[in-house]
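Everything on this sheet refers to the single structure shown next.
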Amino acid sequence: MSQDKKKPQAGQNQSQSQSQSQSDLDPYEIDFLPQFEQGRGPRTPFVNEYGVTIGDHDYESDNSPLEQWTDDTDPSVMAGDQWVHPYKDVGFQTAENRDIFEKGIAPQSGIFTHPDKNVAFDPGDTTTQKQNGEAEA
């Protein structure tokens with residue numbers, strides 16, 4: 001490959017050269033700004049504590065709790081960073097995440113709030129249970 005192909009041509013802006021580098025990325029990767037690459041973790045697939053390979057795009061694994069799910073399975077076993085690849089996650093493809101990680105645009109506060117709904121309640125509070133029509137014990 002010649003040096004001319006590695007550098008943007010005259011009149012080519014930075015986004016054009018970035019889109020060329022996008023083709024080198026995994027389908028679920030985005031072009032992280034340098035400040036978001038530090039300390040992210042491995043770029044290659046890894047095996048988590050359950051023996052499931054994360055980052056290989058094979059979403060059915062015999063070792064996965066999803067494949068062994070019963071009524072007794074605690075859903076929290078599927079929570080945590082051990083289930084998310086630091087570079088290859090479909091969630092990075094959302095417009096909000098691309099703005100943050102590729103463009104450095106901070107999220108607007110309050111965009112996911114519901115000011116007319118009180119979702120914070122004490123499950124042991126009997127007044128909340130009565131308001132919701134639950135029978136007393």
| note | With sequence neighbours left out, the residues meeting ring-ring contact (aromatic ring centres under 6.0 Å, His included) with W83 are Y50
| query | Do I105 and I30 sit in the same hydrophobic cluster, where Ile, Leu, Val, Met, Phe, Trp and Tyr count as joined when their side-chain heavy atoms come under 4.5 Å apart? | reply | no
| query | Partners of D99 by side-chain hydrogen bond (donor to acceptor under 3.5 Å, both in side chains), sequence neighbours excluded? | reply | K103
| For the residue pair P45 and G55, what are the closest heavy atoms and their distance? | CG-O, 3.4 Å
| request: Using side-chain contact (heavy atoms from CB on, under 4.5 Å) as the criterion, list what pairs up with I100, not counting sequence neighbours. | output: F36, N97, P107
| Any side-chain heavy-atom pair of D58 and T53 under 4.5 Å | no
| request: Please identify each residue that fulfils side-chain hydrogen bond (donor to acceptor under 3.5 Å, both in side chains) with Q68, with sequence neighbours left out. | output: none
| task | Check whether V77 and V47 end up in the same hydrophobic cluster, where Ile, Leu, Val, Met, Phe, Trp and Tyr are linked by side-chain heavy atoms less than 4.5 Å apart. | result | no
| query | Can you list the residues that meet the side-chain hydrogen bond (donor to acceptor under 3.5 Å, both in side chains) rule with N63, with sequence neighbours excluded? | reply | none
| said: Can you confirm whether the side chains of D56 and H85 place a donor and an acceptor under 3.5 Å from each other? | reply: no
| request: Quick one: do Y28 and H57 satisfy side-chain contact (heavy atoms from CB on, under 4.5 Å)? Show the steps, please. | output: CA-CA 9 Å; Y28 294 108; H57 308 304; 2.8 Å; yes
| said: Looking at D31, is its backbone amide N or carbonyl O close enough to the side chain of E102 to form a donor-acceptor pair, meaning the two atoms are under 3.5 Å apart? | reply: yes
| With sequence neighbours left out, what residues match D74 under side-chain hydrogen bond (donor to acceptor under 3.5 Å, both in side chains)? | S76
| query | Heavy atoms, side chains only, cut-off 4.5 Å: are I54 and K88 in contact? | reply | no
| said: Please enumerate all residues that pass side-chain contact (heavy atoms from CB on, under 4.5 Å) together with E67, with sequence neighbours excluded. | reply: E60, S64
| field | Counterpart residues, side-chain contact (heavy atoms from CB on, under 4.5 Å), relative to R43 (two or more places apart) | value | E29, E37, Y87
| request: Answer whether the closest heavy-atom distance between the side chains of P86 and F32 falls below 4.5 Å. | output: no
| remark: Tightest non-hydrogen contact, residues L33 and G104, listed as CD1-N, 3.3 Å
| If we only count heavy atoms from C-beta on, is the F101 to E96 side-chain gap below 4.5 Å? | no
| message | With a sphere of 6.0 Å drawn around CD of Q38, does it hold more than 12 non-hydrogen atoms of other residues, nucleotides or ligands? | response | no
